[in-house]
A.B. asks: 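Starting off with a structure, shown below.
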Amino acid sequence: MRWKEQLLTLTPYKPGKSIESVKREYNLDNIVKLASNENPFGSSKKVLEALQTAPASLAIYPDGYATALREELAAFLHVNEEEIILGNGSDNLIQMISRALLHPNASTIMSEHTFSQYKHNAVIEGTVIKEIPDKDGEHDLKAMLEAIDEKTNVIWVCSPNNPTGTYIPEERLTRFLDQVPEHILIVLDEAYYEYVTAEDYYDSISLTRKYPNLIVLRTFSKIYGLASLRVGYGVANRAIIKALEPAREPFNANSLGQLAAAVAIRDQEFVQFCREQNRQGLAQYYDFCEQRNLKYYPTQTNFILIDLEVDSDEAFQYLLERGYIVRSGKALGFPTAIRITVGTKEQNEGLLSALSDFLNKN
Ligand SMILES: *Cc1c(COP(=O)(O)O)cnc(C)c1O
């Protein structure tokens, strides 16, 4: 077969190890997974209740327009329904945008250490990829601007950034947006938006009013704790949404996901609770790093990247054998760091105690 050549150079996304596989492999009863930035508090009870009484028919296709969820989102975000596009997770939106705008005669710009799916999809589309080295875990926006050429169609901006956790302060972001030519789509991926507590964080939704070439991506997978149901959304002006819609599979957001997401938005108390717990959990990690003199990036997310100054696969393996799944920094471009999702207080204590043993041994 005549596959796209570039496809043969790719490997499938390697997700964090699953709890079940680790249980079996290491014969452990208790596994704590702090690898994929999932919410340790699960999801809102209201969502679980709503799913119990969900309309029963699995034989009926989902509402392709996601009417109820769309209305709920539009009201919550104070935008029009035509300014929203739904995704089967925000991964799906990244895929749609790539499909719509990237091709062998185009180029795309991203930070070197950022979410892997931008590059992955760009490779599949056979486009020219410009990865710009970051500055201390932050996007180098000036260098990203300088990388623009006449073929540039998409610039990916992840803030707060995965895997570093850093964010772009408002002033720096708007200065960047001011300088990007209007024919280039800027994708602002805010998967961790709801975890942010920084004061100089921007209001991205209102920025989509000011900048006609900006799309904001958010997800129900992280703080809302609905990763398994795969719902993400994009917000942009009508023209962008209208152009993207044909690249969307008609039934990409499933019925249970739509229902769960619509109910989840209404429970902002749960969101606030998780954000506060996350701040307290992060303080545990910050204290540990200060005591141990470990380098880390201050983070606006529910994960932290810590430089252990030893081979990250070794640390990963040590923790794994003690029942803690984290993310080795190897595949993330940080070969001596690990990325840990902030868990519950007890989970964090357990992990830090195991990590402490590991560091004492080294
Ligand atoms: C987790 C994550 C996503 C994907 O989320 P889904 O909605 O589950 O597809 C997108 N972008 C970033 C930066 C992420 O960390």
Side-chain angles (χ1 to χ4, degrees), residues 12-16 18 33-40 42-43 47 66 69 73 84-99 108 110-122 131 134 137-139 154-168 173 186-196 201 204 215-235 248-249 252-254 256-258 260-262 264-265 271 274 278 297 299-305 326-327 329 331-334 339-342:
Y13 179 75
K14 198 164 158 265
S18 83
K33 186 179 175 212
L34 299 172
S36 303
N37 308 334
E38 293 145 333
N39 188 338
S43 47
V47 169
L69 172 57
L73 268 174
I84 296 171
I85 185 166
L86 270 299
N88 182 31
S90 47
D91 273 344
N92 181 217
L93 292 157
I94 295 166
Q95 192 179 31
M96 279 183 233
I97 292 165
S98 304
R99 193 173 177 202
T108 189
M110 64 196 71
S111 187
E112 185 186 359
H113 295 128
T114 191
F115 191 51
S116 61
Q117 289 303 296
Y118 316 142
K119 183 175 179 183
H120 188 92
N121 281 284
E131 289 178 277
D134 51 41
E138 295 180 21
H139 286 20
V154 181
I155 304 179
W156 306 89
V157 177
C158 191
S159 173
N161 185 45
N162 181 2
T164 57
T166 55
Y167 75 107
I168 303 168
L173 180 67
I186 303 144
V187 182
L188 178 56
D189 185 346
E190 285 194 305
Y192 301 93
Y193 162 74
E194 297 84 359
Y195 281 111
V196 171
Y201 198 76
S204 58
I215 185 166
V216 171
L217 306 186
R218 291 190 186 163
T219 179
F220 286 91
S221 299
K222 303 288 156 64
I223 211 167
Y224 286 102
L226 300 175
S228 67
L229 291 175
R230 316 300 306 128
V231 185
Y233 61 95
V235 179
R248 183 178 70 79
E249 297 165 55
N252 63 336
N254 72 80
L256 294 178
Q258 289 183 30
I265 297 178
V271 172
C274 295
N278 185 63
Y297 293 120
T299 171
Q300 289 295 317
T301 65
N302 67 336
F303 59 82
I304 183 166
L305 188 70
V326 300
R327 199 71 186 224
L332 306 173
F334 294 92
R339 193 193 67 190
I340 308 166
T341 303
V342 177

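For clarity, every value in this text was computed on a predicted model and none was experimentally measured. Just so it is clear, the values below take in all heavy atoms, side chains as well, and ignore hydrogens, waters and symmetry mates. Remember, it's 1-based here, ligands and their atoms both numbered in the order they're listed.
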A.B. asks: With a 4.0 Å heavy-atom cut-off (strictly under), which part of Tyr192 contacts ligand 1: side chain, backbone, both or neither?
C.D. replies: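 For Tyr192, the contact with ligand 1 is made by the side chain alone.
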A.B. asks: Can we call the ring centroids of Phe303 and Tyr192 under 6.0 Å apart?
C.D. replies: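 Yes.
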A.B. asks: Do Tyr224 and Val47 touch side chain to side chain, with heavy atoms closer than 4.5 Å?
C.D. replies: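 No; the side chains remain at least 4.5 Å from each other.
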A.B. asks: Does any N or O of ligand 1 fall below 3.5 Å from an N or O anywhere on Tyr118, backbone included?
C.D. replies: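 N/O-N/O distance under 3.5 Å: no.
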A.B. asks: For ligand 1, is Gly232 a contact, meaning one of its heavy atoms is under 4.0 Å away?
C.D. replies: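 No; Gly232 lies far enough from ligand 1 that no heavy-atom distance drops under 4.0 Å.
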A.B. asks: Show the atoms of ligand 1 that are less than 4.0 angstrom away from any heavy atom in Ser221.
C.D. replies: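 Answer for ligand 1: 6 (P), 7 (O), 8 (O).
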A.B. asks: On a heavy-atom basis, I'd like to know which of Ser36, Ser116, Ser90 is closest to atom 4 (C) of ligand 1.
C.D. replies: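 Comparing heavy atoms across Ser36, Ser116, Ser90, the nearest one to atom 4 (C) of ligand 1 lies in Ser90.
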A.B. asks: Which ligand 1 atoms are under 4.0 Å away from a heavy-atom of Gly89?
C.D. replies: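 In order of numbering, the contacting atoms are 6 (P), 7 (O), 9 (O).
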A.B. asks: Decide whether Asp189 and Tyr118 meet the rule of one side-chain donor and one side-chain acceptor closer than 3.5 Å.
C.D. replies: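 Yes.
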A.B. asks: Using modelled atom types and a 3.5 Å cut-off, is there a donor and acceptor pairing between side-chain atoms of Asp91 and backbone atoms of Arg230?
C.D. replies: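 Such a contact is absent between Asp91 side chain and Arg230 backbone.
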A.B. asks: Look at atom 2 (C) of ligand 1 and say which protein heavy atom is nearest, naming residue and atom and giving the distance to 0.1 Å.
C.D. replies: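 Scanning the protein heavy atoms, the shortest distance from atom 2 (C) of ligand 1 goes to Lys222 NZ, 2.4 Å.
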A.B. asks: At a 4.0 Å threshold, what atoms of ligand 1 neighbour a non-hydrogen atom of Arg230?
C.D. replies: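 It comes down to these atoms of ligand 1: 6 (P), 8 (O), 9 (O).
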A.B. asks: Quick one, Leu229 and Phe220 - any side-chain contact, counting heavy atoms below 4.5 Å?
C.D. replies: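 Side chain of Leu229 against side chain of Phe220, heavy atoms only: no contact under 4.5 Å found.
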A.B. asks: Rounded to the nearest 0.5 Å, how far does OG1 of Thr341 lie from CG of Asn37?
C.D. replies: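 It comes to 4.0 Å.
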A.B. asks: Out of Asp189, Leu226, Val231, who gets a non-hydrogen atom closest to atom 13 (C) of ligand 1?
C.D. replies: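 Minimum heavy-atom distance to atom 13 (C) of ligand 1 goes to Asp189.
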A.B. asks: Show the nearest heavy-atom pair for residues Val231 and Ala261, with the distance to one decimal.
C.D. replies: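 Taking Val231 first and Ala261 second, the nearest heavy atoms are CG1-CB, 4.1 Å.
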A.B. asks: At a 4.0 Å threshold, what atoms of ligand 1 neighbour a non-hydrogen atom of Cys158?
C.D. replies: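 Within the 4.0 Å cut-off of Cys158, ligand 1 contributes 13 (C).
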